[in-house]
Asker: 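One structure follows; several queries about it will come next.
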Amino acid sequence: MRIRIEEASAHAGAEVEIRGWLYHKRSSGSIHFLLVRDGSGVIQAVMAKQEVSPSLFAAAADLTQESSLLVRGTVREDSRAPGGHELTVRDLQVVGLADPYPITPKEHGVEFLMDHRHLWLRSRRQHALMRIRAEVIRAATEFLDRHGYLRMDAPILTPAAVEGTTTLFETPYFDLGNAFLTQSGQLYNEAAASAFGRVYCFGPTFRAEKSKTRRHLTEFWMLEPEAAFMELDEYMEVAEAMICAVVGQVLDRRRLDLQEVERNLAALEAVQPPFPRLSYDEALNRLHAAGKPLPWGEDLGGDEETVISSAFQRPVFVHRYPAKCKAFYMQPDRDRPDVVLSADLLAPEGYGEIIGGGQRIHDLQLLQQRLREHHLPEHVYQWYLDLRRYGSVPHCGFGLGIERTVAWIAGIEHVREAIPFPRLMNRLYP
RNA sequence: UCCGCGGUAGCUCAACGGUAGAGCGUCCGGCUGUUAACCGGAGGGUUGUAGGUUCGAAUCCUACCCGCGGAGCCA
């Protein structure tokens, strides 16, 4: 019977076939230990010289790391085996003999591993990270599906900037001039929210910023919910519930993977509602008390975020930023027009911002005024302004950065390991 | 773009003005329970590039290239 390695314990005593690749090999002359992986797990296959033909035994001795093979044998419980079960080999068939494999079971630098990202993905640690990523995405989208949000994706090729500030990737587009790769689906989400009430989009977004930090990619995946008839406080409740659902589901279903990457599980188990909600002004007071004063009106940088977030065991919202720090579409606070109804969520342990969002301007005249203040061409935003002409309502939305969320939940240093093929300022290969 | 660190064998690193080395991987040999197995042997180098100082440069100086970390910006 053909099985996957993750099912091996259910087939103890049975004759099975495993199709996979040679992960590693040890031998003591008359007995080979072949570590075979198939994507679902790793199992030790044991081949004794006496129990197979001499030609098969010799062929196994010549197997190279990552050679693909079919192994047939009996599953046996054995405390000496990594994983608790091993396979007594009866027959083995080589599908493809691998060339000498560049990633050896020793230390390698990040640069070398990134050059071999297409092969690095075969390692245990990367398997754990990719499974955690998949679970984060599944948990977040399932949460939104459960709460009545319709997935309605936004275009990737767009005619203009969503926010005039950040740099965009540009590409020729037939006779219509240049198109830009999207930096956010938000504007389209707002249109969709007026059509369906609650929506979200999920896909890659692009920022042509020359950022070289552990938190930045030029291509990253963002999950962006948007809801009509929603104001700031309710948005924070939704974001909080979603993050708790995501962390809880990863803890529940990907615990072994978290252990593989040596994540401190207690820190994740502390992620429970309610999250602290700090106004920008309160954040400044904390920075002042911590001896890192920041003048009012300045945006929080990486160091400031670390000071704020490390004071708490759980993610923390910072809301009501100065208007000049934020994008043109942010709704001003009616009691204090110099601040806007934004709220960013900072992950603990120094991971920084994983969510940015807030309440959008729903008043036509105010939005037009903001476009002028930001020197944005109004004619490009006519369809966006229409949303304020035809049944405008208070509405909120936010963007969850998938790679930053995965990096935080998995406890890894750099977002580049949180995506299969990272795109960085200096990396477009493989 | 700015600041800091770095580039030596396939990989990870040592040698810091006086003959360029180790571990791992590779290849050959040995070993019937290995756990990044172990033991013996072999092969492997224009020390990022170009110039300079010196009797002598991987080492000191200059320029450039590339990489890493951080800042700004953001998710």
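Throughout, protein chains are lettered first and strands after them, A, B, ... in sequence-line order, and every chain is numbered starting at 1. These numbers were taken from a predicted model, which means no experiment stands behind them.
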Asker: If you look at every strand shown and take non-hydrogen atoms under 4.0 Å, does A:Thr405 touch a base, only sugar-phosphate, or nothing?
Answerer: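 No contact.
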
Asker: When all nucleic acid strands are considered with a 4.0 Å heavy-atom cut-off, which category describes A:His24: base, sugar-phosphate, or nothing?
Answerer: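 Sugar-phosphate: the residue A:His24, judged by heavy atoms under 4.0 Å, touches backbone atoms but no base.
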
Asker: Has the side chain of A:His108 got a donor or acceptor atom sitting under 3.5 Å from an opposite partner on the base of B:C11?
Answerer: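 No, no donor-acceptor pair under 3.5 Å.
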
Asker: Using the C1' atom as the point on both nucleotides, what is the distance between B:G40 and B:G51, in whole Å?
Answerer: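 B:G51 and B:G40 have their C1' atoms separated by 47 Å.
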
Asker: If you measure from the P atom in B:C68 to the same atom in B:U62, how many Å do you get, rounded?
Answerer: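 Between the two P atoms, the distance is 25 Å.
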
Asker: Using atom P in both nucleotides, what's the gap between B:G44 and B:C39 to the nearest angstrom?
Answerer: 24 Å

Asker: A:Arg26 side chain N/O closer than 4.0 Å to the phosphate oxygens (OP1, OP2) of B:U32?
Answerer: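 No, no such contact exists.
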
Asker: Taking only side-chain N and O atoms of A:His414, does any of them lie within less than 4.0 angstrom of OP1 or OP2 on B:G69?
Answerer: yes

Asker: Would you please classify the geometry between the A:His32 ring and the A:Phe57 ring as parallel, tilted or perpendicular, with 30° and 60° separating the classes?
Answerer: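 It falls in the parallel class, under 30°.
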
Asker: For A:Glu403, which contact category applies under a 4.0 Å heavy-atom criterion: base, sugar-phosphate, or nothing?
Answerer: nothing

Asker: With a 4.0 Å cut-off on heavy atoms, is A:Thr104 in touch with a base, just the backbone sugar-phosphate, or nothing at all?
Answerer: sugar-phosphate

Asker: Stacking between A:Phe33 and B:G33, defined as ring centres under 5.5 angstrom apart with planes under 30°, is that present or not?
Answerer: no

Asker: Can you measure A:His116 atom NE2 to B:C11 atom C1' for me and round it to whole angstrom units?
Answerer: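 After rounding, the reported distance stands at 10 Å.
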
Asker: Can you label the angle between the A:Phe317 ring and the A:Phe275 ring as parallel, tilted or perpendicular, going by 30° and 60°?
Answerer: tilted

Asker: Any N or O donor-acceptor pair under 3.5 Å from the base of B:C68 to the side chain of A:Arg214?
Answerer: no

Asker: I'd like the C1' distance from B:A58 over to B:A14, given in whole Å.
Answerer: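 Comparing C1' positions in B:A14 and B:A58 gives a spacing of 12 Å.
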
Asker: What I want to check is whether an N or O donor and acceptor connect the side chain of A:Glu86 with the base of B:G33 at under 3.5 Å.
Answerer: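 Between B:G33 and A:Glu86, which were checked side chain against base, a qualifying N/O pair under 3.5 Å is present.
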
Asker: A:Glu135 versus A:Arg131: any side-chain heavy-atom pair under 4.5 Å?
Answerer: no

Asker: What interatomic distance, in whole Å, is found between P of B:U54 and the corresponding atom of B:C24?
Answerer: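 Each nucleotide's P atom is 44 Å from the other's.
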
Asker: Give a yes or no on whether the ring-centroid distance for A:Tyr381 and A:Tyr329 is below 6.0 angstrom.
Answerer: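 Centroid distance A:Tyr381-A:Tyr329: not below 6.0 Å, so no.
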
Asker: Between B:G4 and B:G17, how far apart are the two P atoms, rounded to whole Å?
Answerer: 24 Å

Asker: Do A:Asp281 and A:Ser279 meet the criterion of a side-chain donor-acceptor pair at a distance under 3.5 Å?
Answerer: no

Asker: Write down the distance between CD1 (A:Ile355) and C1' (B:C74), rounded to a whole number of angstrom.
Answerer: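 Going from CD1 in A:Ile355 over to C1' in B:C74 covers 15 Å.
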
Asker: Heavy atoms only, 4.0 Å cut-off, all strands: where does A:Gln50 land among base, sugar-phosphate and nothing?
Answerer: base

Asker: So which one's nearest nucleotide on RNA chain B is more toward 5', A:Phe112 or A:Ile354?
Answerer: A:Phe112

Asker: How many whole angstroms separate atom CD of A:Glu66 from atom P of B:C11?
Answerer: 19 Å

Asker: If the C1' atom of B:U49 is compared with that of B:U8, how far apart are they to the nearest Å?
Answerer: 15 Å

Asker: Under 4.0 Å, heavy atoms only, any strand: does A:Asp299 hit a base, just the sugar-phosphate, or nothing?
Answerer: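 Counting heavy atoms under 4.0 Å across all strands, the contact made by A:Asp299 is with sugar-phosphate only.
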
Asker: Could you work out the separation of B:U59 and B:U47 based on their C1' atoms and round it to a whole Å?
Answerer: 10 Å

Asker: Would you say A:Ser28 reaches B:C31's phosphate, i.e. side-chain N/O to OP1/OP2 under 4.0 Å?
Answerer: no

Asker: Provide, to the nearest angstrom, the distance between the CG atom belonging to A:Asp115 and the C1' atom belonging to B:C68.
Answerer: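 From A:Asp115 CG to B:C68 C1': 13 Å.
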
Asker: Would you indicate what A:Arg125 reaches in the nucleic acid, counting non-hydrogen atoms under 4.0 angstrom: base, sugar-phosphate, or nothing?
Answerer: nothing

Asker: Nearest 0.5 angstrom please: A:Glu219 CD to A:Phe169 CZ, how far?
Answerer: 8.5 Å

